[in-house]
Engineer: 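Let me give you the structure first, and then I'll get to my questions.
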Amino acid sequence: MASPPDTSKTTKLERYNSYIRRVNSTKLLQASSKLLFRVTLLIALVLILFFTLNYSPVSDSSHHIHTTQNFLSSSFYGGGASWEKQVRHSATPRRPNGLSVLVTGAAGFVGSHSSLALKKRGDGVLGLDNFNSYYDPSLKRARQDLLSKQKIFVVEGDINDAELLKKLFDIVPFTHILHLAAQAGVRYAMQNPLSYVNSNVAGFVNLLEVAKSSDPQPAIVWASSSSVYGLNTNVPFSEDHRTDQPASLYAATKKAGEAIAHTYNHIYGLSLTGLRFFTVYGPWGRPDMAYFFFTKDMLQGKAINVYVTNDDKEVARDFTFIDDIVKGCIGALDTAEKSTGSGGKKRAPAQLRVYNLGNTSPVSVVKLVGILESLLSLKAKKHVVKMPRNGDVPFTHANVTMALKDFGYKPTTDLATGLRKFVKWYVNYYGIQSRLKKENDHSDDS
Ligand SMILES: O=C(O)[C@H]1O[C@H](OP(=O)(O)OP(=O)(O)OC[C@H]2O[C@@H](n3ccc(=O)[nH]c3=O)[C@H](O)[C@@H]2O)[C@H](O)[C@@H](O)[C@H]1O
């Protein structure tokens with residue numbers, strides 16, 4: 001009698017075979033997962049490379065460029081063909097013999113106004129701005145929107161970024177730089193001293209290094225400051241007065257800028273013009289300045305500190321309206337001679353200038369508050385306090401004879417007229433018209 005099949009053995013064999021099949025299929029699954037993972041990784045890498053090398057911003061491009069820069073490394077600038085086209089297009093003049101100007105700090109107060117004025121007369125303008133948060137960056141973005149409506153492209157980047165600057169100079173043979181990017185503000189220098197060294201000294205040197213090596217070298221007009229006169233008591237302030245007693249680190253860095261300008265002019269033949277601005281104010285102004293935050297605080301019913309000197313004298317400033325300053329900037333650009341060097345070598349002596357751009361009629365801060373009270377139809381809650389020792393000077397007053405003689409600079413806006421224009425802009429921009437006198441709305445506003 002045949003013995004029954006040994007089912008126990010068959011079962012073991014089957015179990016073994018099925019185990020082997022399972023092991024094999026798991027291995028296959030693992031191998032294919034690994035393959036899938038590697039392929040995905042490869043595709044991702046290819047995509048990253050593709051997007052970064054062919055990056056072409058469409059709208060709000062500067063923001064995208066910034067994001068891309070951060071994503072890869074600080075030395076990457078989008079750099080796609082479309083980005084370069086925007087840079088070139090913005091910087092190309094639209095009139096015969098027009099200038100091609102790199103405006104640093106283009107989203108700033110003076111930078112945005114100057115860029116628009118240059119563009120309006122047919123010059124090519126490329127903006128550069130790092131959109132830092134020293135004051136509300138949304139105001140800088142709003143200024144950028146104004147510029148972009150006039151087809152002015154603002155590259156988001158820092159003047160300390162040498163590679164970015166070189167790239168811009170590779171794309172555009174700029175005839176001029178209007179260098180307005182800076183750490184501004186007299187009193188903030190005690191809170192953040194290194195930001196002044198970083199922007200006003202290191203950033204300026206970085207820009208000059210790139211400018212001196214470029215071919216052709218551009219002529220450079222840049223923002224110095226009335227604060228360089230410091231504790232000078234000889235009034236009105238003239239360009240040949242002493243400037244070796246700065247009262248703030250801000251003033252010291254601007255004075256350092258003037259010395260640095262001398263060096264680059266002397267060694268490399270760069271044409272350099274420093275403009276000593278006197279307390280510039282007006283529409284689209286800087287919220288850190290007294291006239292601006294006084295307006296804000298007064299409208300909110302908050303008290304304001306009005307400084308007086310230690311011996312109880314009123315402090316005063318040669319407040320200068322933005323439109324006058326813009327005319328001064330353009331006059332300086334138009335009369336700037338060509339730099340004489342090329343590729344880092346000086347060929348001949350070059351132009352080196354410094355000018356006051358003020359209003360020539362100082363007004364006390366008490367008077368400024370009085371004008372604002374009348375424009376805003378309210379009484380300010382004034383705290384009259386002694387001027388803290390924080391970098392402030394008691395008095396500024398410009399002699400502008402040199403700027404008048406060399407490029408016809410003639411300020412035409414008194415403080416009451418300029419503040420009326422500022423207040424009109426302020427209430428429109430922040431949407432608070434209600435408390436204003438009707439006549440302000442009917443005021444002349446060219
Ligand atoms: O010409 C310049 O080169 C500089 O001008 C500007 O500095 P300043 O002239 O100091 O302007 P700003 O701060 O508006 O104070 C105005 C007045 O208000 C007084 N002031 C100020 C604050 C306060 O709380 N109370 C007060 O009375 C204060 O004592 C002063 O008398 C720019 O900010 C600076 O970046 C630089 O460009």
Side-chain angles (χ1 to χ4, degrees), residues 105 108-111 134-135 180-192 195-196 199-200 222-232 236-237 243 246-255 257-258 274-282 285-298 302-310 312-322 324-325 328-329 354-360 362-372 380-398 400 411 415 418-419 422:
F109 174 34
V110 182
Y134 166 61
Y135 63 80
L180 304 169
Q183 176 57 62
V186 172
R187 288 167 287 280
Y188 179 67
M190 287 181 70
Q191 286 173 53
N192 190 358
S195 69
Y196 289 79
S199 294
N200 304 355
W222 68 283
S224 183
S225 160
S226 73
S227 64
V228 299
Y229 291 107
L231 306 180
N232 174 43
F237 300 162
T243 53
S248 65
L249 186 68
Y250 169 72
T253 58
K254 285 295 181 182
K255 177 64 194 164
E258 292 187 359
L275 302 175
R276 293 176 178 166
F277 295 159
F278 282 67
T279 315
V280 189
Y281 73 98
R286 277 174 29 211
D288 64 313
M289 290 184 68
Y291 75 93
F292 198 117
F293 64 77
F294 281 176
T295 302
K296 180 176 178 223
D297 290 346
M298 285 164 69
K302 291 185 187 157
I304 56 171
N305 288 331
V306 177
Y307 296 156
V308 289
T309 61
N310 267 338
D312 284 324
K313 291 204 180 95
E314 290 182 351
V315 300
R317 286 288 180 275
D318 199 1
F319 296 101
T320 311
F321 190 61
I322 182 65
D324 290 322
I325 288 291
C329 289
V354 170
Y355 294 102
N356 287 341
L357 291 187
N359 198 48
T360 70
V363 178
S364 74
V365 177
V366 172
K367 178 93 188 288
L368 171 130
V369 173
I371 298 171
L372 286 177
K381 290 178 192 147
K382 277 176 276 190
H383 290 160
V384 177
V385 295
K386 298 249 191 283
M387 193 172 80
R389 189 172 299 196
N390 54 11
D392 244 325
V393 293
F395 188 80
T396 65
H397 183 181
V400 298
L415 186 61
L419 280 180
F422 163 72

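One-based numbering, in listed order, for ligands and for the atoms of each.
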Engineer: Answer yes if the side chains of Asp392 and Tyr307 hold a donor-acceptor pair under 3.5 Å, and no otherwise.
Structural biologist: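 Distance-only check fails for Asp392 and Tyr307.
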
Engineer: Establish, yes or no, whether a centroid distance under 6.0 Å links the rings of Phe321 and Phe422.
Structural biologist: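 So the answer is no for these two rings.
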
Engineer: Enumerate the protein residues lying less than 4.0 Å from ligand 1, judged by heavy-atom distances, in chain and residue-number order.
Structural biologist: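 Correct list: Ala184, Gly185, Val186, Arg187, Ser225, Ser226, Ser227, Tyr250, Phe277, Phe278, Thr279, Arg286, Met289, Ala290, Phe293, Phe294, Asn305, Val306, Tyr307, Val315, Arg317, Val365, Asp392.
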
Engineer: Would Glu258 and Arg276 pass as an ion pair if we require N to O under 4.0 Å?
Structural biologist: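 Yes, charged N to carboxylate O under 4.0 Å.
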
Engineer: Take atom NZ in Lys386; do more than 12 heavy atoms of anything else shown fall under 6.0 Å from it?
Structural biologist: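 Yes - once you tally the heavy atoms of other residues, nucleotides and ligands closer than 6.0 Å, there are more than 12.
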
Engineer: Is the ring pair Phe278/Tyr229 parallel, tilted or perpendicular, if the boundaries are 30 and 60 degrees?
Structural biologist: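 Rings of Phe278 and Tyr229: tilted, 30 to 60°.
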
Engineer: Hey, do the aromatic rings of Tyr134 and Tyr188 have their centres closer than 6.0 Å?
Structural biologist: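 They qualify: ring centres under 6.0 Å apart.
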
